[in-house]
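So that the names make sense, note that chain A is the first sequence line, chain B the second, and so on, each numbered from 1.
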2 protein chains.
Amino acid sequence: MPPDPAPSRDADGMRRGASIVAVENVSGSGSAGSLDLRLWVRLLGCARIIEKQLRRNFQEQFDTTLPRFDVMAALDRAPDGLNMGALSRALLVSNGNVTSIVRQLQEQGSVVARPDPGDGRSAIAALTPAGKAHFAELARAHHQWVRAALAEFPPDRQEQLLSLLGELRRSLLGEEGE
Amino acid sequence: MPPDPAPSRDADGMRRGASIVAVENVSGSGSAGSLDLRLWVRLLGCARIIEKQLRRNFQEQFDTTLPRFDVMAALDRAPDGLNMGALSRALLVSNGNVTSIVRQLQEQGSVVARPDPGDGRSAIAALTPAGKAHFAELARAHHQWVRAALAEFPPDRQEQLLSLLGELRRSLLGEEGE
DNA sequence: GGGATTTATTTCAAGCTTAAAATATATTCG
DNA sequence: CGAATATATTTTAAGCTTGAAATAAATCCC
């Protein structure tokens with residue numbers, strides 16, 4: 001039998017957070033890459049660092065996942081429930097994806113799905129009381145994790161960044177209101 | 001037989017790009033949510049919008065994926081090749097993940113793995129000439145997509161955002177050099 | 001009413017992702 | 001040398017993700 005009870009001293013099965021990072025200064029002219037490429041790489045990198053922490057926290061502290069949290073959050077804001085299509089639109093994920101996540105939540109008792117009286121094709125998913133309570137706990141922890149992640153980044157910078165990202169988002173989407 | 005040859009008029013199996021978006025103003029005090037939560041949601045949203053476009057472009061125009069591109073990019077910058085561990089560290093993904101992506105690239109002829117003469121445990125992966133050529137094409141397209149995505153966002157804003165994200169990244173990581 | 005079309009959802013195949021377990025090869029040091 | 005330990009990698013189980021195909025129910029319109 002192996003003599004070490006250590007949980008995992010093997011290779012590194014946990015780092016993550018940047019993917020495209022490797023693209024930094026590739027295919028560009030100089031060694032620094034072009035402005036737009038560098039911006040994209042850095043944006044993705046920051047998002048992944050935080051996302052990774054959140055995912056890990058959800059897994060370790062609540063044995064759940066970010067997508068499940070997303071679905072619960074959407075349902076929490078819809079007291080009368082939502083059908084699959086509405087959930088899919090709210091979360092911007094594919095329809096088939098919602099199916100399996102809702103199934104998980106049903107199995108764990110956080111969600112119920114009742115047939116839509118007005119449309120035989122749809123069922124309406126909603127949080128159970130237990131699900132609502134569970135979500136409240138998750139949301140509190142989630143907010144705390146985000147706060148902790150951004151704790152060293154001063155509020156005035158946060159304001160600036162928020163505003164700049166708002167501009168970016170508008171330019172990425174329609175640019176309506178030019 | 002169904003009379004329409006249309007590729008897909010069914011439900012929406014493609015939207016995506018924000019996930020956590022649903023959390024906007026949840027569990028907060030007011031309707032706007034706290035600053036840090038809003039910042040996080042917006043950051044993730046922007047990253048996903050671009051990421052999604054890139055992924056779709058890779059799929060549709062080159063029948064490949066972002067992770068495969070990442071591995072090729074890392075190998076392109078290492079003329080002598082890299083072993084799995086180095087790749088895993090460079091890309092910040094798990095070791096097991098690299099294994100399967102490299103396998104795909106080997107099967108498609110873009111990568112070869114030769115045994116490391118100095119270490120029997122390692123094999124060194126490197127781009128083949130065909131892989132190098134293919135990557136050059138992919139990188140050109142990738143840069144063009146990023147440029148196009150950010151085209152409406154003015155360069156001075158890009159500079160500002162780049163710098164602010166640099167600060168954010170530093171604060172997320174060590175904060176070394178305070 | 002009833003066929004054609006549209007809409008809501010599920011199922012499916014393929015691929016990414018991780019963490020943990022399993023292998024296999026080095027390295028250390030007694 | 002040889003056992004203990006460390007390192008490199010693969011395999012595996014579980015879950016997310018998408019897009020396409022398959023159902024099934026509703027709507028349109030002749």
Side-chain angles (χ1 to χ4, degrees), chain A residues 1-17 19 48 51-52 55-56 58-60 63-71 82-89 91-105 107 113 115-116 118-125, chain B residues 1-4 6-17 19 48 51-52 55-56 58-60 63-71 82-89 91-105 107-108 113 115-116 118-125:
Chain A
M1 68 294 275
D4 61 343
S8 152
R9 80 301 188 212
D10 69 40
D12 33 68
M14 66 345 229
R15 301 197 217 74
R16 197 167 168 281
S19 213
R48 295 243 177 134
E51 189 182 4
K52 177 182 163 128
R55 241 185 307 139
R56 186 190 306 237
F58 272 124
Q59 189 63 64
E60 291 181 352
D63 191 32
T64 188
T65 65
L66 209 46
R68 304 219 272 244
F69 177 70
D70 288 354
V71 167
L82 295 172
N83 58 34
M84 296 298 153
L87 265 176
S88 170
R89 276 185 298 278
L91 300 177
L92 302 176
V93 299
S94 74
N95 225 323
N97 195 347
V98 171
T99 296
S100 67
I101 293 172
V102 166
R103 178 170 35 236
Q104 313 264 354
L105 292 172
E107 284 164 7
D116 183 336
D119 188 333
R121 296 166 299 182
S122 290
I124 296 175
Chain B
M1 69 294 277
D4 61 342
S8 152
R9 79 294 187 221
D10 68 40
D12 34 68
M14 65 347 227
R15 301 195 217 75
R16 194 165 171 282
S19 210
R48 296 246 174 131
E51 190 181 4
K52 176 181 163 130
R55 241 186 308 139
R56 186 190 307 237
F58 272 123
Q59 189 64 63
E60 291 180 352
D63 190 32
T64 188
T65 65
L66 210 45
R68 302 216 277 239
F69 177 71
D70 288 354
V71 168
L82 294 172
N83 59 33
M84 296 299 154
L87 265 175
S88 170
R89 276 186 298 278
L91 301 175
L92 302 177
V93 300
S94 73
N95 224 324
N97 195 347
V98 170
T99 296
S100 67
I101 293 171
V102 166
R103 180 170 35 239
Q104 313 265 352
L105 291 173
E107 284 164 7
Q108 92 182 36
D116 183 335
D119 190 332
R121 297 165 298 182
S122 289
I124 296 177

Exercise. Round to the nearest Å and state the distance from B:Q59 atom CD to D:dG19 atom C1'.
Key: 9 Å
Quiz prompt | Side-chain N or O of B:Q104 closer than 4.0 Å to phosphate OP1/OP2 of C:dC16 | solution = yes
Practice problem: Report the distance from atom CE of B:M84 to atom C1' of D:dT11, rounded to the nearest whole Å. | Solution: 14 Å
Self-check item: Nearest-neighbour nucleotide for the B:T65 side chain, C:dT10, C:dC16, D:dA25 considered
Solution: C:dC16
Practice problem: For the side chain of B:D119, starting at C-beta, report the closest nucleotide among D:dA8, D:dT10, D:dA25. | Solution: D:dA8
Exercise. Compare side-chain N and O positions of A:R121 against OP1 and OP2 of C:dT10 and report whether any pair is under 4.0 Å apart.
Key: no
Quiz item: Taking CG from B:L91 and P from C:dC16, how many angstroms apart are they, rounded to a whole number?
Solution: 13 Å
Practice problem: Answer yes or no: is there a side-chain heavy-atom contact under 4.5 Å between A:F58 and A:T64? | Solution: yes
Self-check item: Atom of A:S94, atom of A:S88 and distance for their closest heavy-atom approach
Solution: C-OG, 3.8 Å
Quiz item: Which residue, A:L82, A:V71, A:I101, A:N97, forms the side chain to side chain contact (heavy atoms under 4.5 Å, CB included) with A:L91?
Solution: A:V71
Quiz item: Of the nucleotides D:dA8, C:dT11, C:dA8, which one has an atom closest to the side chain of B:S122?
Solution: D:dA8
Exercise. Please report, rounded to the nearest Å, how far the C1' atom of D:dC16 is from the CG atom of A:D63.
Key: 15 Å
Quiz item: Whole-Å distance between D:dT17 C1' and B:F58 CZ?
Solution: 18 Å
Quiz prompt | Selection from C:dC16, D:dG15, D:dA8 that lies nearest to any side-chain heavy atom of A:R68 | solution = D:dG15
Quiz item: Reckon A:N97 has a side-chain N or O less than 4.0 Å from the OP1 or OP2 of D:dC16?
Solution: no
Quiz prompt | Atom pair CG (A:N83) and OG (A:S122), whose distance is rounded to the nearest 0.5 Å | solution = 4.5 Å
Practice problem: Report which part of the nucleic acid B:G96 touches: base, sugar-phosphate, or nothing (heavy-atom distance under 4.0 Å, all strands). | Solution: base
Practice problem: Kindly compute the distance separating CE (A:M84) from OG1 (A:T99), expressed to the nearest 0.5 Å. | Solution: 6.0 Å
Quiz item: Could you state the CD1-C1' distance from A:I101 to D:dG15, rounded to the nearest angstrom?
Solution: 9 Å
Exercise. Please determine if a side-chain N or O atom of A:R103 lies less than 4.0 Å away from the OP1 or OP2 oxygen of D:dC16.
Key: no
Self-check item: Whole-Å distance separating the CD atom of B:E51 from the C1' atom of D:dC16
Solution: 13 Å
Practice problem: State which of D:dT11, D:dT17, C:dT17 makes the closest approach to the side chain of B:T99. | Solution: D:dT11
Practice problem: Using whole Å, report how far NZ of A:K52 lies from P of C:dC16. | Solution: 18 Å
